[in-house]
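Everything numeric in this text was worked out from a predicted model, so none of it was measured.
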Amino acid sequence: MPDRVLVSDFDGTMTANDFYKLAVERVLPPGALAPWTAYRQGRLTHFEALRDIFAAIRAPEAELEALAAAMAPDPRLAESVALLRAAGWRVVVASAGSSWYIERVLGPLGLLDAVEVHANPGVYAPETGLRLSLPAPSPFTCAETGVDKAAIVRFHRDRGARVAFAGDGFADLPAALATCADLRFARADLAQALGQRGETFHPFDNWPDVAGALLGRGGSL
């Protein structure tokens, strides 16, 4: 039987909230979003903009860890991953965000050894903010976002795996288009982008919906 791999975005896909949006609302100082404007104008890469924005955070580490907890992973996330693994699915997290907060969300759920994570490394100190760095060079790294989600999808697909993708953002479009329509799951901005292109996809409300569909349950757990 071919390998089965679910490549999933993290912020807003496996969680209810994006770390970036929570940071904007709760801990970033005025003017900290100027790098995002530069990115939209083509003067910075996505990675550079996020790096500079996160570096502007000044808060006690406990407050930032509370921010990670506020991302609110679905309470059925660990169960969903366990059922997928039991059915032969590998779960690969692909994020243009940071492993710093991803590890703090997945760790308490016992999922750090259950999923493969590709994200930008990060180190936090209240004096210097959340300092992002590019991942070590690999077939999955790129200068634009740090992590090339579409490359991860293509890597497994080209090796004969049955590859599904789940995401919620405009930046997830290349990865979604690299999958078969019946294994493409989208919500929010990604669903809008696919719809505008006339592409077929499965809408979902929460991550267990994706797991349920892949397990043949036709819905959430």
Subject >> Taking every non-hydrogen atom, the tightest pair across Thr45 and Ala143 >> reply: OG1-O, 3.8 Å
Original post:
Is Val7 reachable from Leu214 through a run of I, L, V, M, F, W or Y residues, each pair having side-chain heavy atoms under 4.5 Å apart?
Top reply: no
**OP:** Would you kindly confirm whether Val147 and Leu134 end up in one hydrophobic cluster when ILVMFWY residues are joined by side chain heavy atoms under 4.5 Å apart?
**Re:** no
Original post:
Does Arg159 use its side chain to pair, donor to acceptor, with the backbone of Phe155 at less than 3.5 Å?
Top reply: yes
**OP:** Kindly give the heavy-atom pair with the smallest separation between Ala211 and Leu84, and that separation in Å.
**Re:** CB-CD1, 3.8 Å
Subject >> Closest non-hydrogen atom pair between Ser8 and Thr13, with its separation >> reply: OG-CG2, 3.6 Å
Subject >> Straight-line distance of Gln196 CD to Leu173 CG, nearest 0.5 Å >> reply: 10.0 Å
**OP:** Please list, chain by chain and in numerical order, all residues satisfying salt bridge (Lys or Arg N to Asp or Glu O under 4.0 Å) with Asp148, sequence neighbours excluded.
**Re:** none
Subject >> Close side-chain approach of Leu77 and Leu106, heavy atoms under 4.5 Å >> reply: yes
Subject >> Non-hydrogen side-chain atoms of Thr128 and Val123 separated by less than 4.5 Å >> reply: no
Original post:
Do the ring planes of His46 and Trp36 sit parallel (below 30°), tilted (30 to 60°) or perpendicular (above 60°)?
Top reply: perpendicular
Subject >> Minimum heavy-atom distance Pro174-Ala171, with the two atoms named >> reply: CD-O, 3.5 Å
Original post:
Would you say the side-chain atoms of Glu79 pair up with the backbone N or O of Arg76, donor to acceptor, closer than 3.5 Å?
Top reply: no
**OP:** Take the angle between the ring planes of Phe54 and Tyr101 and call it parallel below 30°, perpendicular above 60°, tilted in between.
**Re:** perpendicular
Subject >> Contact check, side chains of Asp168 and Asp18, non-hydrogen atoms, under 4.5 Å >> reply: yes
**OP:** Could you tell me whether the side chain of Tyr124 reaches within less than 4.5 Å of the side chain of Glu65, counting heavy atoms only?
**Re:** no
Subject >> Verify same cluster id: Trp89, Val163 (apolar side-chain graph, 4.5 Å) >> reply: no
Subject >> Atom of Gly167, atom of Phe204 and distance for their closest heavy-atom approach >> reply: O-CE2, 3.7 Å
Subject >> Rounded distance (nearest 0.5 Å) linking atom OG of Ser99 with atom CZ of Arg104 >> reply: 8.5 Å
**OP:** Drop me the distance from Leu28's CG to Leu22's CG, to the nearest 0.5 angstrom.
**Re:** 10.5 Å
Subject >> Asn120 side chain vs Thr145 backbone, donor-acceptor pair below 3.5 Å >> reply: yes
Original post:
To the nearest 0.5 Å, how far apart are NE2 in His202 and CG in Leu194?
Top reply: 12.0 Å
**OP:** State whether a side-chain donor-acceptor pair under 3.5 Å links Ser80 with Trp207.
**Re:** no
Original post:
Leu6 and Leu111: same hydrophobic cluster, using ILVMFWY side-chain contacts below 4.5 Å?
Top reply: yes
Subject >> CG on Leu177 to CG on Leu190, rounded to 0.5 Å >> reply: 8.0 Å
Original post:
For the residue pair Thr179 and Ala164, what are the closest heavy atoms and their distance?
Top reply: CG2-C, 4.2 Å
Subject >> Pairs satisfying side-chain hydrogen bond (donor to acceptor under 3.5 Å, both in side chains), at least one member in residues 181-191, at least two apart >> reply: Arg184-Glu199
Subject >> Polar side-chain atom of Arg43 near backbone of Arg40 as donor-acceptor pair, under 3.5 Å >> reply: no
Original post:
Do Met71 and Leu112 belong to the same hydrophobic cluster, where Ile, Leu, Val, Met, Phe, Trp and Tyr are linked whenever their side-chain heavy atoms lie under 4.5 Å apart, directly or via other members?
Top reply: yes
Original post:
Are any non-hydrogen side-chain atoms of Phe165 and Leu183 less than 4.5 angstrom apart?
Top reply: no
**OP:** Look at the side chain of Asp11 and the backbone N and O of Ser95, then say whether any donor-acceptor pair between them is shorter than 3.5 Å.
**Re:** no
Original post:
When rounded to the nearest 0.5 angstrom, what is the spacing between CG in Leu132 and CH2 in Trp100?
Top reply: 11.0 Å
Original post:
Do the charged groups of Asp9 and Lys149 touch, with an N to O distance under 4.0 Å?
Top reply: yes
Original post:
Are side-chain heavy atoms of Val92 and His118 found at a separation under 4.5 Å?
Top reply: yes
Original post:
With a 4.5 Å limit on heavy-atom distance, are the side chains of Asp209 and Phe185 in contact?
Top reply: no
**OP:** Please answer whether the main-chain N or O of Glu63 pairs with a side-chain N or O of Arg26 as donor and acceptor at a distance below 3.5 Å.
**Re:** no
**OP:** Sequence neighbours left out, what passes side chain to side chain donor-acceptor pair (under 3.5 Å) with Ser98? Give chain and number order.
**Re:** none
Subject >> Flag side-chain contact, heavy atom, 4.5 Å: Leu64 against Phe19 >> reply: yes
